[in-house]
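What follows is a single structure, written as structure tokens, with notes after it.
Sequence lines set the chain letters: A, B, ... in the order given, protein chains first and strands last, and positions in each chain run from 1. All values derive from a computational prediction rather than experimental measurement.
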2 protein chains.
Amino acid sequence: MKIAVDAMGGDHAPEVVIRGVEQARDQWPDLEFILFGDLAKVKPLVQNSTRLTFVQADSQITNEDEPVKAVRTKKDSSMVMAAQAVKQGEAEALFSMGNTGALLATGIFIIGRIKGVERPALMPTLPTTDVTNVVNLLDAGANAESKASYLEQWAIMGSIYARDIRKIAQPRVGLLNNGTEFDKGDSLHQEVYQRLQANTALNFVGNIEAGNLLTNKADVIVTDGFTGNAVLKATEGMASLLMKQIKLALLNSGTRAKLGALMIKPALGQIKTKFSTSANGGAVLLGVNAPVIKTHGGSDEGAVVSTIGQIREMLQQQTIHQMIAFLKANPIK
Amino acid sequence: MKIAVDAMGGDHAPEVVIRGVEQARDQWPDLEFILFGDLAKVKPLVQNSTRLTFVQADSQITNEDEPVKAVRTKKDSSMVMAAQAVKQGEAEALFSMGNTGALLATGIFIIGRIKGVERPALMPTLPTTDVTNVVNLLDAGANAESKASYLEQWAIMGSIYARDIRKIAQPRVGLLNNGTEFDKGDSLHQEVYQRLQANTALNFVGNIEAGNLLTNKADVIVTDGFTGNAVLKATEGMASLLMKQIKLALLNSGTRAKLGALMIKPALGQIKTKFSTSANGGAVLLGVNAPVIKTHGGSDEGAVVSTIGQIREMLQQQTIHQMIAFLKANPIK
């Protein structure tokens with residue numbers, strides 16, 4: 001299994017990328033990597049080049065770049081060159097920590113959509129209040145405008161992912177909506193409800209309100225990309241805000257509270273880890289012809305390793321092939 | 001100033017309602033109240049009936065009732081009778097802790113829309129990371145489907161509210177969107193951006209992402225009702241989940257952490273109060289011909305008092321009249 005790596009993406013690239021890739025390489029002997037980047041910067045960081053290949057990329061896409069334009073014009077960037085390697089069969093999957101919009105555009109324009117998928121979706125894995133389970137949310141923001149057929153296609157792909165990668169025999173699929181009753185929502189969500197209800201390949205458990213996103217009511221939650229983006233950012237924003245407020249309140253309290261804070265630090269640290277966005281691997285661009293996965297730009301090498309593990313699992317299970325075959329046999333329009 | 005009170009709405013009605021109303025009555029000598037409810041239950045709870053009038057209501061709308069149907073059929077319910085009193089000029093404002101959907105329907109069908117407001121919106125006041133400021137979000141969920149003209153009308157009403165009630169000379173109005181650039185969002189949000197930008201009565205500060213809902217980037221944040229509902233519930237859900245997780249983590253830790261937890265309890269309590277949904281008054285149904293305000297059904301009498309204070313301020317400032325006059329002179333279509 002060979003993975004194309006955009007070595008220049010992310011806030012601490014290429015250091016964090018290289019460290020993560022080397023750890024993953026040491027952990028899984030069946031993996032090989034092609035690293036694309038500025039080799040003058042990349043190579044000195046490499047400890048051991050076993051199962052690593054290097055390809056010089058003369059430019060890189062930054063977070064400030066306009067995604068679609070960057071993908072069209074920066075043909076020699078590490079991200080675009082890594083995607084080309086997947087397109088040409090030199091690698092089977094793409095890993096990046098770079099510009100999310102550009103990675104979406106790269107996946108769609110270079111690697112290409114699965115036949116029968118109108119629009120690919122971004123799917124992170126989020127923690128839940130049940131320590132033994134997580135939840136996949138899609139679309140978390142790849143699409144500003146969504147149609148009912150897109151959401152049904154996403155439900156199928158999310159369900160196949162949860163079955164193959166998370167080993168859940170019949171994943172519970174929920175629809176994010178503004179109430180639990182079947183007739184809730186705008187006309188789009190009402191139509192999606194009917195479609196998911198009627199699709200016999202899905203274990204549809206009904207509408208789920210945003211307050212229950214992380215309370216283990218479903219294994220996969222489907223949403224239009226506009227709402228998905230808003231809900232994910234609101235959730236992450238509130239978590240980060242609350243943690244900061246707690247820190248602030250403790251700092252501004254007396255000695256007693258400061259001492260107390262020191263004592264609870266390990267317990268708070270566990271929660272922070274559990275609810276950090278990258279603890280459960282990266283966000284998959286679901287609906288393109290290969291695993292394309294993005295880890296948050298600010299993540300550490302641990303997140304790189306867990307994301308590469310996720311890619312490896314998708315390759316072993318042939319998850320993308322499963323999706324292609326299912327949608328060919330059961331087209332959704 | 002006379003306020004019609006639905007004494008039977010809320011999880012702890014009529015006790016909490018009566019206690020809150022009596023406290024508010026003692027605090028503000030210029031307020032009178034008409035309480036609607038089951039007087040056999042209400043009257044024994046009253047300590048002192050100064051400036052309180054009582055009207056028997058034979059039924060009540062519960063949280064299980066289908067809102068529109070309940071308002072049409074339960075004419076003798078405490079909520080509908082209280083709204084009728086406002087409609088007939090016997091009272092100037094309506095307070096309830098009951099079924100939100102039914103209160104929306106009551107406000108729209110009985111008290112009636114302001115001329116020039118196509119759809120009323122639900123507007124809570126939320127805390128921000130800046131202790132000296134709060135933020136008004138609208139529509140927080142009264143409308144599943146929204147048009148660009150609705151959002152422009154909401155922006156005007158939210159701005160008048162922030163000016164009159166929160167005493168902000170030129171309230172910063174933001175648009176909730178999936179990115180900060182002007183061309184972000186679906187076609188609805190792109191059109192709303194253009195409208196808010198062009199409206200010279202507004203101090204429009206641009207798009208705001210859901211992660212910055214509570215970080216004091218704007219005084220008023222306008223959103224379609226579907227996204228507003230999702231973002232509010234996601235935010236509240238995450239806050240409650242995180243607090244529970246922290247409690248759980250501390251309980252499952254050793255003696256040291258438990259001792260630490262005891263020491264930081266007061267500081268955590270402060271944060272909980274600050275980020276509780278009712279600390280800053282109730283949610284206003286903005287766009288009807290009188291102040292109609294709802295406090296969360298599970299709130300305590302402190303929230304009842306602060307919400308009645310908010311109603312009093314709206315009556316003193318003649319906020320609804322300001323909105324009626326402005327939209328008459330500057331119609332938005």
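- With a threshold of 4.5 angstrom between heavy atoms, B:Glu209 approaches chain A through side-chain atoms but not through N, CA, C or O.
- Separating the CD atom in B:Glu66 from the CG atom in A:Asp183 is a distance of 8.0 Å, to the nearest 0.5 Å.
- Each of A:Ser146, A:Gly237, A:Ala239, A:Ser240 has some count of heavy-atom pairs under 4.5 Å with chain B, and the biggest count is that of A:Ala239.
- Between chain A and the residues B:Lys184, B:Lys244, B:His189, the largest count of heavy-atom pairs under 4.5 Å involves B:His189.
- Within the model, atoms CG of A:Leu242 and CE of B:Met243 stand 4.5 Å from one another, a figure rounded to the nearest 0.5 Å.
- Chain B forms more heavy-atom pairs under 4.5 Å with one residue of A:Thr235, A:Leu248, A:Asp224 than with any other, namely A:Thr235.
- The main-chain N or O of B:Ser187 is found under 3.5 Å from a side-chain atom of A:Glu145 such that the two form a donor-acceptor pair.
- Residues of residues 134-143 of chain B never come closer than 4.5 Å to chain A when only heavy atoms are counted.
- Heavy-atom pairs under 4.5 Å with chain A peak, among B:Leu214, B:Leu241, B:Thr223, at B:Leu241.
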* To do: Given side-chain contact (heavy atoms from CB on, under 4.5 Å), test A:Leu188 with B:Phe226 step by step and report yes or no.
  => CA-CA 11 Å; A:Leu188 170 70; B:Phe226 191 87; over 6 Å; no
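- Considering all non-hydrogen atoms of both residues, A:Ala230 and B:Ala210 come closest at O-CB, 3.1 Å.
- Between A:Ile246 and B:Ile246, some side-chain heavy-atom pair lies under the 4.5 Å cut-off.
- For residues 175-182 of chain A, the interface with chain B (any heavy-atom pair closer than 4.5 Å) comprises A:Leu176, A:Asn177, A:Asn178, sorted by residue number.
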